[in-house]
Novice: 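Quick one: this structure, given as structure tokens, is what I'll be asking you about.
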Amino acid sequence: MNEQIIIAGFGGQGIMLMGQLLAYAGMLEGKYVSWLPSYGPEMRGGTANCNVIISDSPVGSPIVTEATTVIAMNRPSLDKFENSLKKDGLLLINSSLVDRQAERKDVRSYYIDANDIANQLGNLKVANMVMLGALVELTGIASIKTVLESLKKVLGPSKQHLIPLNEQALERGGLRVK
Amino acid sequence: MNEQIIIAGFGGQGIMLMGQLLAYAGMLEGKYVSWLPSYGPEMRGGTANCNVIISDSPVGSPIVTEATTVIAMNRPSLDKFENSLKKDGLLLINSSLVDRQAERKDVRSYYIDANDIANQLGNLKVANMVMLGALVELTGIASIKTVLESLKKVLGPSKQHLIPLNEQALERGGLRVK
Amino acid sequence: MPKVTFKEDLCKGCELCTTVCPRGIVTIAKDRINKKGYNPAIVTDMDKCTGCAFCARICPDVVIEVEK
Amino acid sequence: MPKVTFKEDLCKGCELCTTVCPRGIVTIAKDRINKKGYNPAIVTDMDKCTGCAFCARICPDVVIEVEK
Amino acid sequence: MAEKVLMKGNEAIGEAAIQAGCKYFFGYPITPQNEIPAYMAKKLPKVGGCFVQAESEIAAINMVYGAAGAGARVMTSSSSPGISLKQEGISYIAGAELPCLVVNIVRGGPGLGGIQPAQSDYFQATRGGGHGDYRMVVLAPSTVQEAVDLVMDGFDIADMYRNPVLLLGDGMLGQMMEPVEFKERKPRQLPEKTWAATGWKGDRPRSVINSLFIDPAELERHNIKLQAKYDTIEKEEVRYEAYNTEGAQVIIASYGTTSRIVKNVIDDAAREGIKIGLIRPITLWPFPKEIFAKVVGQQTVKAVLAVEMSLGQMVDDVRLAVNGQKPVYFYGRTGGMVPRPDDILRQVKMILGGEA
Amino acid sequence: MAEKVLMKGNEAIGEAAIQAGCKYFFGYPITPQNEIPAYMAKKLPKVGGCFVQAESEIAAINMVYGAAGAGARVMTSSSSPGISLKQEGISYIAGAELPCLVVNIVRGGPGLGGIQPAQSDYFQATRGGGHGDYRMVVLAPSTVQEAVDLVMDGFDIADMYRNPVLLLGDGMLGQMMEPVEFKERKPRQLPEKTWAATGWKGDRPRSVINSLFIDPAELERHNIKLQAKYDTIEKEEVRYEAYNTEGAQVIIASYGTTSRIVKNVIDDAAREGIKIGLIRPITLWPFPKEIFAKVVGQQTVKAVLAVEMSLGQMVDDVRLAVNGQKPVYFYGRTGGMVPRPDDILRQVKMILGGEA
Amino acid sequence: MVKVFEKPKALTDKPFHYCPGCTHGIIHRLVAEAIDELDIQQKTIGVAPVGCAVFAYDYFNCDMMEAAHGRAPAVATGIKRVHPDKVVFTYQGDGDLASIGAAEIVHAATRGEKITTIFVNNAIYGMTGGQMAPTTLVGQVTATSPYGRQPEIAGYPIRISEMLSTIEGAAYIARVSVHDIKHLMQAKKAIKKAFEIQIKGKGFSIVEVLSTCPTNWGLTPIEALNWLKENMIPYYPLGVKKDIDGGGE
Amino acid sequence: MVKVFEKPKALTDKPFHYCPGCTHGIIHRLVAEAIDELDIQQKTIGVAPVGCAVFAYDYFNCDMMEAAHGRAPAVATGIKRVHPDKVVFTYQGDGDLASIGAAEIVHAATRGEKITTIFVNNAIYGMTGGQMAPTTLVGQVTATSPYGRQPEIAGYPIRISEMLSTIEGAAYIARVSVHDIKHLMQAKKAIKKAFEIQIKGKGFSIVEVLSTCPTNWGLTPIEALNWLKENMIPYYPLGVKKDIDGGGE
Ligand SMILES: Cc1ncc(C[n+]2csc(CCOP(=O)(O)OP(=O)(O)O)c2C)c(N)n1
Ligand SMILES: Cc1ncc(C[n+]2csc(CCOP(=O)(O)OP(=O)(O)O)c2C)c(N)n1
Ligand code: SF4
Ligand code: SF4
Ligand code: SF4
Ligand code: SF4
Ligand code: SF4
Ligand code: SF4
Ligand SMILES: [Mg+2]
Ligand SMILES: [Mg+2]
């Protein structure tokens, strides 16, 4: 396995957390992993993205130049990263916020209405977990269980009550692409 | 000509000025010259010395390692620099303040009671000029006239009234070793 | 009658202008987003405007122009 | 009777001690120089000393010791 | 075996320092290293230590001087412009022979520059941006795990030799997350800090922490003593990784995060039948000269290529190490741009094709 | 011909600057360069200029940044620790492409060190003690006259390339007096300072003096532009003196005041039938590589000896220039100690005798 | 119809990069209005800091320089000495001015440097993501005071205006706020006055403007204005601290 | 017979290198006497400045560090944080403290750093040969104010004690002089008090001591004391400027 993933969206959409959970889950499943965020001057409303690598062998460059998967949580992200995807790569588009189709025809595109699903679950903030659910379902990088386990570690003791909601979101995301 | 001169004494004895006048005079007489002072943290009562080179060819190192002439204005200076003098070099000792004879027998030593002579002239400060007079007399590095000319330039317009006294001191110094 | 104009695409939806209008006619248009991705501020009832320019003065992004 | 001792070789002849003695008995020995090359301070008439230690207190070089 | 955790480079550096017994941190905010002071502010009070946000980088390095002189394990971190400001202080620390760890998470320069990863402070790090004849040991990790290990080793090296140690990373290393393990380490035998200023009870010579030697002969003696120490370090502390070097056609010299990209290139090249070797200096000073001399001596090696995130700084050291044996080429990106594997490979091909 | 006057190096530097049209000086006291600010304080008001004693070296270099950005010929001077403090500012000046003259009258280090002459800031000067990919032109006079000439040239070079120029002297040069002549110079054709911030009347693009490029691609472009400038400087501005090099058995590389001592050695050696040549870099950056390659190529030359008042800094550049053609040796004194002619000659003999 | 309010000429057309509701934008505009009203745009040279306002050189429509962190007063000194007839101002945050640049501001005041400083005190380091500033209030949680600023460890917030008022060369010092219309009008008056003091050659002038950082305070813009009013003003009393030209408290 | 006056134990036997009549020597002794009287020699760590007092590490008979120019308060902070139970003091000149080290002293005070600073104000840079200091009086001729300090160019002398008094973390601030016996006894009292404040953990304490530099003032030691009295004291009024422990003016 050598998954090279780009996750991108607005700051505030939980982009960084998605990537971290993925990397964490990969690590728990015994893979070599890395997570690399974009960073810049602190300003609200900016865009954010991160690179995640999950591999059977040690990670060389943590920078993803040719992605196996791109998750575009908003329109500018799709515009920016669609071309970074390698042939036959996986393109996950948050169709709730992206008003166009993929241009690439040589990739596997999925449209997930993550914000709408999250809304249905009663909390817009879990749109990222919906997408993550879809991703793990499609790639088998990690099980939803491991992702949840990762979430428990990342959230810390005070926020364990959020686990069930996130579990639901992950599952809904998975179902959406099954 | 390649005169390598060390002049040393207490701070306040006008050591630096002696050296500068010598270098200035050398320059006016068309020689290559350099003047290099010792320097250190500003403290009264310390010792001071300078190196003067007057030469027919361009000056290499401005540091005198083997002196052709040493002027010792006080005892510590004699102790420190007597050995820097090359064989047959010239050793001028301010006998007013130095209470010993030269140890070197392979050099030409002169004892000049510079402070006493200066005192007689009514101004202890010109002891340095007395020594300088002796030096130029003995070496012919420059004429007393050129030294005086240099002094005029160095003193600046406001202090020209001091020239006659200094001229006297130079002459008295010259006479002392004639 | 005073006229208040919003350079809508500069608005960041911070809502500061909505707090200072003596006539309470400045609000956020919850129903649309501008190019920057914010719900922009608007004047609901221009007739009531006094042209006091308070809204413009507090706006950190120089979004608003006022004529009288 | 108070006793004032000078570590003469430390003296720098600054004369500060001469200005504070209430009895005016501290002066500079113009006739001799110490190791450092200064005319050192001395007490001329120890009998008059009150042991006030003013001379010692103003001395910047801790030259003076006073006993009483 | 300790548990593996996923950590940001900057936070891992902080945690490693704490586990190495560092109780004092003095710093000043600057991107992209802000997670280090934030981590220390959070954690040091819990281990009985102390975090002070200094008023400036200069104050920070001088607080480090004070704390190190007082006998503590102490650290500061910053990024390029802030490290420039610390140069006088670092020179003082080297001059007074105090141990400490300085971290530079490099960003693009010169001037205010940018905040993206760069390696353009190599000269400053290895040549002493400060004045006088002195050296810092410069450690250049390429992974978060290595950063952790080198932080711990760095404190030991600092204490061993009474010398400042610089950990040189970049924005990428500081910001990325990787699994790390805080291993049990067998402690190095370190000299006692009898020289530290801790209050003088008369039971040892009075401690005076100082770098002033007004008599030049004394200062020269001091400098020669320092030089002897540096000679020992050059003998004892050189570290590098030589990867795939046997029979290589081209040797790439690269360090830190850049070397990871080079590793990708090596794999890509292998697929095309080109054999590239990597020498990755882990200590930038002392520079691993000997391995270069040795590897480059191989018949197979046609050339050496230095790859850096700068416009050519380490390449000087590579040239000095290669000493004319083989041609040395350079490829670099700068200002926060990161070399791409395909561009590096193109360089290698050009060299082999005689076009470079 | 102008009149010859006997002047202290430091004062001559000040006078040369004024004659070169420098009207602004910002500095802070430090031995052994105090005569420069004192001279400027006395003279600048008389030429309608301005001397400001800054609160620190950092403030001074940033005042220089401001004045240079405002279009003025401007200068600062200091000595080693003070120059370390200026590194961030110098990096900013290089980054914003501002012209100015910085003078370092070097003293022994590291730390507070001493105040006697040294050359141990060579690395800092030539490698940029500051952060980022930048260079300063470094001029190293060996006589007071040359200091005067190079100060004047230095301002022109700075304006020509919009780059800081460093004049690197030492305590000996600053304190000694020699005859100097302030020659009529034919002015170099210099570009107009249309970029300067002088108040914007709309008749030119708004002037923005800046070194921030938040987009790394932009910063890289800026760096590459700077690099192109440095390449031009390397081509156009190299200066050196080659003395007695033809048929020499040993080439000594030495600069500044040390090279004067070497000249004595050359005479002494000649008397003993040993032929020594001297290459004296006048620009330390750009370093005169080519002349080394050329001279050292001579059959007669057995070896190169770098002589410095440091523990070995320029020797790196000499090695890089010689590139393995001939062995390169080093002899240095440090901490304010000055090499003695007889000791240097002994080194040469040891080299020739195969003992070094 | 006449424009009763429009963008001042001394601002460029570049939209501000500041976070929504950040009062840096208001303060920029007030400075620009003062420049317009005094008709000095053509002879003004501004100095941008390192901080969120670093891009001020893109916004003020006059010649600008970007200074190293904290050194704007030194840079301004260099400019002013070369162009004594120009109007030179610095725009600096509290990290920039009160922390790393403390010596530079104290000495610009001491020299009576004829420059004007706009000092934006938002009790935090905005640009770098919300670390403690010397002006951070006691108890305030920041990235580097995670348990709230504790006086035992980090001391008490510094009152720059009061401190500089002890310096002879400082001619005009005022602390203002922009949390409501009334106060921002006063702020503008103070800024204009500060420029006038410079133009008259009286000495150093500085206006400390209390400002918000909704992002790093973790508040909405409206909440942030209230927090400023309720927490900052009691510790940082508003008013003219010094005015050698008459006035003052 | 009892010794009514002898060299304090907290001074080593090394003779001072100061110029004849330089009051640095008196001030050293007063500090040492305070250390003796408080019996804290074994737990005191001193920090020497860069300035004429650079060799203070040879004179104070306790552990000492030599700090970079102006940075003594930062160095002392580092020491004190490691050894909160020790007594840490800095000894600094006016160039060191008021000029290059202005930020460091302001922030040591701001942090309420529990250290004591002895600030020797002699209105000049002694060590480097008599340049203008920020404390140099108007009109005073120095190497870098050859026409006398001109306020138009160099501003007015800075009153450090008054400036620091505006800072909350400063617990004790006094200005004293040593030009006569009465005043030097007061100086000693202030120095002792400053140490006591530190020992009690009250915060930052500083004693500004007016001092002479006969060499660079170009006066005899006696003339220098008079010059201090007649010129410095009127501009630098003596007294306790702040004492959170009670007292003050
Ligand atoms: C020498 C140096 N140190 C640190 C930094 C990092 N830095 C950038 S902005 C900033 C602080 C900004 O805070 P402030 O001045 O309060 O301005 P604000 O962003 O709050 O407006 C810092 C520390 C830097 N660029 N240069
Ligand atoms: C960074 C740095 N800048 C400048 C100097 C030079 N220097 C040494 S002492 C001194 C000033 C001393 O004046 P002050 O602090 O008033 O002490 P004083 O000698 O008057 O007691 C200076 C500028 C230095 N050593 N280091
Ligand atoms: S101008 Fe005044 S009344 Fe009109 S909308 Fe704006 S704030 Fe309201
Ligand atoms: S104040 Fe300005 S930016 Fe904020 S909501 Fe109103 S118009 Fe928009
Ligand atoms: S102790 Fe008092 S009375 Fe005695 S000599 Fe000294 S000053 Fe005079
Ligand atoms: S005060 Fe001290 S140093 Fe000065 S003259 Fe008196 S004893 Fe000597
Ligand atoms: S981080 Fe704070 S100060 Fe900076 S722009 Fe955002 S709100 Fe304003
Ligand atoms: S130079 Fe001045 S301050 Fe320094 S020791 Fe001499 S008199 Fe004292
Ligand atoms: Mg701020
Ligand atoms: Mg002083």
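Protein chains get the first letters and strands the later ones, always in sequence-line order, with residue 1 at the start of each.
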Novice: Side chain from CB out, backbone as N, CA, C, O: work out which of these in G/T110 comes under 4.5 Å of a heavy atom of chain F, or both, or neither.
Specialist: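 The answer is neither part of G/T110.
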
Novice: Do F/D153 and F/R185 sit within salt-bridge range, that is, some charged N less than 4.0 Å from a carboxylate O?
Specialist: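 Salt bridge: yes.
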
Novice: Identify each donor-acceptor pair in which a side-chain atom of residues 30-38 of chain G lies under 3.5 Å from a protein atom, sequence neighbours left out, and give them as a table.
Specialist:
unit_1: G/E33; atom_1: OE1; unit_2: G/K188; atom_2: NZ; d: 3.0
unit_1: G/E33; atom_1: OE2; unit_2: G/R29; atom_2: NE; d: 3.0
unit_1: G/D36; atom_1: OD1; unit_2: G/A10; atom_2: N; d: 3.1
unit_1: G/D36; atom_1: OD2; unit_2: G/K9; atom_2: N; d: 2.6
unit_1: G/E37; atom_1: OE1; unit_2: G/K192; atom_2: NZ; d: 3.1
unit_1: G/E37; atom_1: OE2; unit_2: G/K188; atom_2: NZ; d: 2.4

Novice: Within the structure provided, determine whether G/K193 and G/D245 are in side-chain contact (heavy-atom separation under 4.5 Å).
Specialist: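 G/K193 reaches G/D245 side chain to side chain.
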
Novice: How about G/H24 and G/F16: are their ring centres within less than 6.0 Å of each other?
Specialist: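 No - the distance between ring centres of G/H24 and G/F16 does not fall below the 6.0 Å cut-off.
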
Novice: Checking F/R135 side chain against F/Q227 main chain: does a donor-acceptor pair fall under 3.5 Å?
Specialist: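 Not a single qualifying donor-acceptor pair exists.
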
Novice: Judged by atom type as modelled, is there a donor-acceptor pair below 3.5 Å linking the side chain of F/K8 to the main-chain atoms of F/G174?
Specialist: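 Absent.
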
Novice: Given heavy-atom pairs under 4.5 angstrom as the criterion, report whether the side chain, backbone, both or neither of G/V50 touches chain F.
Specialist: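 Answer is side chain: those atoms of G/V50 sit under 4.5 Å from chain F.
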
Novice: One thing to verify: whether F/K229 and F/E97 come together as a salt bridge, which I'm taking to mean a side-chain N less than 4.0 angstrom from a carboxylate O.
Specialist: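 The answer is yes: the pair qualifies as a salt bridge.
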
Novice: Apply side-chain hydrogen bond (donor to acceptor under 3.5 Å, both in side chains) to G/T135 and G/Y236, showing your working.
Specialist: CA-CA 9 Å; G/T135 48; G/Y236 296 115; 4.6 Å; no

Novice: Looking only at the aromatic ring of each residue, does the gap between the centers of G/F204 and G/H107 stay below 6.0 angstrom?
Specialist: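 Ring centres of G/F204 and G/H107 not closer than 6.0 Å.
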
Novice: Who among G/R81, G/K86, G/K43 has the most heavy-atom pairs with chain F under 4.5 Å?
Specialist: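 Option with the greatest count: G/R81.
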
Novice: Is a donor on one side and an acceptor on the other found under 3.5 Å between the side chain of G/K241 and the backbone of G/I173?
Specialist: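 Not confirmed, G/K241 side chain does not pair with G/I173 backbone.
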
Novice: Quick one: does any side-chain atom of F/T232 pair with a main-chain N or O of F/A228 as donor and acceptor, under 3.5 Å?
Specialist: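 Between the backbone of F/A228 and the side chain of F/T232 there is a qualifying donor-acceptor contact (under 3.5 Å).
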
Novice: Quick check on G/A67 against chain F: is it the side chain, the backbone, both or neither that has a heavy atom closer than 4.5 Å?
Specialist: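 Contact with chain F is through the backbone of G/A67 alone.
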
Novice: Are there residues of residues 65-90 of chain F that reach to under 4.5 Å of chain G by heavy atoms, and which ones?
Specialist: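 Interface residues of residues 65-90 of chain F: F/Y65, F/G66, F/A67, F/G69, F/A70, F/A72, F/E88.
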
Novice: Flag the pair G/Y172 / G/I244 as yes when at least one side-chain heavy-atom distance between them is below 4.5 Å, and no otherwise.
Specialist: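 No, every pair of side-chain atoms sits at 4.5 Å or beyond.
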
Novice: Between G/V54 and chain F, which part of the residue has a heavy atom less than 4.5 Å away: side chain, backbone, both or neither?
Specialist: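 Side chain only.
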
Novice: Against chain F, label G/I45 side chain, backbone, both or neither, depending on which of its atoms sit under 4.5 Å from a heavy atom there.
Specialist: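 The answer is the side chain of G/I45.
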
Novice: Which residues in residues 193-208 of chain F have a heavy atom less than 4.5 Å from any heavy atom of chain G?
Specialist: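 Those residues of residues 193-208 of chain F which have a heavy atom under 4.5 Å from chain G are F/A196, F/A197, F/T198, F/G199, F/W200, F/K201, F/R204, F/R206, F/S207, F/V208.
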
Novice: Tell me, out of G/T77, G/V87, G/N61, who's got the most heavy-atom pairs with chain F below 4.5 Å.
Specialist: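 Winner by heavy-atom pair count: G/N61.
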
Novice: Among F/I58, F/V64, F/N210, F/I61, which residue has the highest count of heavy-atom pairs closer than 4.5 Å to chain G?
Specialist: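 Winner by heavy-atom pair count: F/N210.
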
Novice: Give the intermediate values and the outcome of side-chain hydrogen bond (donor to acceptor under 3.5 Å, both in side chains) for residues G/H17 and G/Y59.
Specialist: CA-CA 10 Å; G/H17 69 285; G/Y59 307 138; 2.5 Å; yes

Novice: Checking G/T117 side chain against G/I206 main chain: does a donor-acceptor pair fall under 3.5 Å?
Specialist: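 Absent.
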
Novice: Any sub-3.5 Å donor-acceptor pair from G/K242's side-chain atoms to G/I167's backbone N or O?
Specialist: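 Between the backbone of G/I167 and the side chain of G/K242 there is a qualifying donor-acceptor contact (under 3.5 Å).
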
Novice: Without swapping roles, check the side chain of G/T23 against the backbone of G/S211 for a donor-acceptor pair under 3.5 Å.
Specialist: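 Looks like no, no N/O pair under 3.5 Å.
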
Novice: Using a 4.5 Å heavy-atom cutoff, which residues in residues 22-48 of chain F come close to chain G?
Specialist: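 Under the 4.5 Å heavy-atom cut-off, F/Y24, F/F26 qualify.
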
Novice: Shorter than 4.5 Å, heavy atoms on both sides: which option in G/I79, G/V106, G/V75, G/T44 has the most such pairs with chain F?
Specialist: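 If we count pairs closer than 4.5 Å to chain F, G/V75 comes out on top.
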
Novice: When you measure from the side chain of G/T12 to the backbone of G/D58, do you find a donor-acceptor pair of N or O atoms at a distance under 3.5 Å?
Specialist: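 Between the backbone of G/D58 and the side chain of G/T12 there is a qualifying donor-acceptor contact (under 3.5 Å).
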
Novice: May I ask you to decide whether G/E208 forms a salt bridge with G/R159, counting only side-chain N to carboxylate O separations under 4.0 Å?
Specialist: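 No, this pair does not count.
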
Novice: Most heavy-atom pairs under 4.5 angstrom with chain F, which of G/H69, G/R71, G/K80?
Specialist: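 Highest number of heavy-atom pairs under 4.5 Å: G/R71.
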
